[in-house]
Amino acid sequence: VRAFRMASKVMLVLALAALAQATTYLTEDFSAGWEERWVKSEASKDGAESDIAKYDGKWTVTGSNNSHVLVASTANRHYGISKSLVQPFDFKTASKLVVQYEIRYENALQCGGSYVKLLSDQPGLDLKQLVDKTPYTILFGPDKCGGDSHLRFIYRFQNPTTSEYREVHANKIEDAYAQLFSEPKQTHLVTLIVNSDNTFVMKIDQKQVAAGHLAAADDFAPALQPPKTIDDPTDSKPEDWVDEKQIEDPEDFKPDDWDESQPAEIDDEAATKPAEWDESAPAMIPDPAAAKPEDWDDDEDGVWEPPVIDNPACATGCGPWVRPKMRNPLFRGKWRAKRIANPAYKGEWAPKQIANPEYFEESAPFAKLDPINALGLELWTITDGISFSNFLITDSEAEAEALAASSWLPKRSVEEALSPKSGIMESIRSLVRQFKAAADDAPYLYILFTAIAGLPVILVLRCFSSSAEAAPAPAPAAETAAETAAETGSAVAEDLADAANTADATPEPSPSAEPVADTEPVGEPVAEPEPAPEP
């Protein structure tokens, strides 16, 4: 026990020491004065229709005490808002970048981004002019449109050969829909950790969902490094190039007795009409069991006719008899020459490969990423009710875990307890069902339930009632009260059971299948770029 206590104290001291050494670049809980700390974009998006081009989505902050959230509260709008870091984050000197925030969807998300952009520290950065083309170093967070769900991680790297920036996209994680979007009204915690050794980790609700290396081609698509060679744009296929592997045999000829006119099927001349076949009987007859409705009015409804049914006399067949078809033994079909290998075949043509003028080699990009100076939310959504809270940018995982433990974890615990899927709610529903089943067989349980539930009310009334007005009830009234109690208890139990059944019947999205929805945002111009546009 002493050893355990000593180890706990050591771990606590180490954790406090780690927090003391942490550098916090940005933290935001949207408490009082948040509007003074954030800058709303006053710009418009190039290429968008005029009625939706402005970044005028309405931001609101809701909550109380120490729990506040920033809400994107209008649908079909562009949103732009940002906050400067306490000091720029410099990848050259930093050992780790940790980005973390909470996200919640009040409504089922149809199409919209909920990611953050870590804006590059560049001369002339004007947060009031935040748009989709504003340079960023890292993009991270959830994104969904229709059936396409992501937890995105993109970083921009400047090509040392061409000086142009290249977007490097982490591979799509599995089950992003189930983990982030399948159940609204649940607060999720998303975390990105990028280390100076060029490794990275992505987490959802403190569980690792992806990890890799910034320079690994298997972890990103497109990868950081361009291919060494590319197709020669000046090369073209020669006109005499033969890329047909097979040709018809020029020495193969159609046989003289090949008859292409013969049909595939002919009448079966050996077939005979069955003796029971009645060519004079109709296949359908009026239903003899049908009767004209009593309220049928020929003047208003027309002449009544009974419905028709299959003629029971036609079990074998009725109407004109036709010979069945059979395969034609003389049928040979259209003649085609057999195919042989093409002696002139040169193979599949491909353009020549030349050295890629944009090629470069890089195994450690972390220290070469552009510094970060602000966090921005530059989004388009057709669904309202997206809320953000507890943004954190730091170089300490311990700080991120401590914030999650104090803010996200209690919040999520309450949400899970109130969820229809939770064990607590299921236990309540199960108890209600068991009580009602037992009380249906033993009605006195309803009386007992009503007596117990009504005891506090009776005591209160007893305290405030006048002793002069109190009088003993006659025996018949007591019997009536017992009957009423039984009926009331039954009704209460039925109401509880109905509530439980309603909760059970509440439709829930399948975690294994995503809903089908339009992948184009409502009201968004056709030319709307991907959530992470090219600079």
Side-chain angles (χ1 to χ4, degrees), residues 15-16 18-42 55-74 77 79-89 97-107 112-119 127-128 130 140-142 184-192 203 205-206 372-379 381 384-418:
L16 292 175
L19 288 174
Q21 296 176 2
T23 301
T24 304
Y25 295 87
L26 181 145
T27 181
E28 182 59 73
D29 61 2
F30 297 102
S31 55
W34 72 272
E35 290 182 304
E36 298 176 1
R37 301 189 293 270
W38 288 77
V39 179
K40 296 180 181 179
S41 176
E42 300 174 357
Y55 286 87
D56 59 357
K58 184 179 180 181
W59 294 105
T60 58
V61 167
T62 62
S64 58
N65 299 327
N66 296 323
S67 179
H68 298 84
V69 294
L70 176 70
V71 185
S73 56
T74 48
R77 284 292 181 268
Y79 286 84
I81 195 169
S82 54
K83 178 182 178 179
S84 296
L85 274 57
V86 174
Q87 65 186 63
F89 183 95
L97 170 67
V98 181
V99 183
Q100 181 173 279
Y101 65 99
E102 298 170 18
I103 184 74
R104 173 182 165 115
Y105 307 100
E106 296 300 326
N107 306 305
S114 44
Y115 44 77
V116 299
K117 290 182 176 181
L118 306 187
L119 306 181
L127 299 184
K128 290 185 178 181
L130 174 65
F140 170 68
K185 303 185 186 304
Q186 294 287 310
T187 302
H188 294 286
L189 183 74
V190 291
T191 309
L192 171 67
K203 296 180 180 181
D205 299 340
Q206 298 186 314
I372 299 165
N373 197 24
L375 179 148
L377 296 172
E378 186 277 313
L379 308 168
T381 179
D384 59 354
I386 303 175
S387 63
F388 303 84
S389 56
N390 291 307
F391 286 111
L392 175 66
I393 299 178
T394 180
D395 60 1
S396 169
E397 292 184 53
E399 183 180 6
E401 291 171 358
L403 179 59
S406 64
S407 62
W408 172 77
L409 194 57
K411 189 184 306 182
R412 184 59 184 269
S413 298
V414 172
E415 291 171 346
E416 289 180 346
L418 297 178

Heavy-atom side-chain proximity of [X] to [Y] below 4.5 angstrom:
X      : Y      : result
Leu392 : Glu399 : yes
Pro88  : Asn373 : yes
Ile393 : Leu97  : yes
Arg37  : Ser31  : yes
Trp408 : Asn390 : no
Arg104 : Lys185 : yes
Leu192 : Val98  : no
Gln87  : Thr23  : yes

Of all the heavy-atom pairs spanning [X] and [Y], show the shortest one and how long it is.
X      : Y      : result
Val71  : Gly385 : CG1-CA, 4.1 Å
Val69  : Ser389 : CG1-CB, 3.7 Å
Tyr105 : Pro142 : OH-CB, 3.3 Å
Pro410 : Ala405 : CD-O, 3.3 Å

Could you measure the distance from the [atom1] atom of [X] to the [atom2] atom of [Y]? Nearest 0.5 Å is fine.
X      : Y      : atom1 : atom2 : result
Arg77  : Asp384 : CZ    : CG    : 11.5 Å
Phe30  : Trp38  : CZ    : CH2   : 4.5 Å
Ile372 : Lys117 : CD1   : NZ    : 13.5 Å
Glu35  : Leu70  : CD    : CG    : 10.0 Å

With a 4.0 Å cut-off on N to O distance, would you call Glu415 and Lys411 a salt bridge? no
Side-chain donor/acceptor pairs under 3.5 Å, residues 55-62, sequence neighbours excluded:
unit_1: Tyr55; atom_1: OH; unit_2: Asp132; atom_2: N; d: 3.1
unit_1: Tyr55; atom_1: OH; unit_2: Glu378; atom_2: OE2; d: 2.9

By side-chain contact (heavy atoms from CB on, under 4.5 Å), Ser406 pairs with (sequence neighbours left out) Leu403
Across all chains, not counting sequence neighbours, the side-chain contact (heavy atoms from CB on, under 4.5 Å) partners of Glu42 are Lys128
| request: Report yes or no: does Lys83 contribute a side-chain atom to a donor-acceptor pair with the main-chain N or O of Thr27 at less than 3.5 Å? | output: yes
(Q) Between Ser41 (side chain only) and Leu130 (backbone N and O only), is there a donor and an acceptor less than 3.5 Å apart? (A) yes
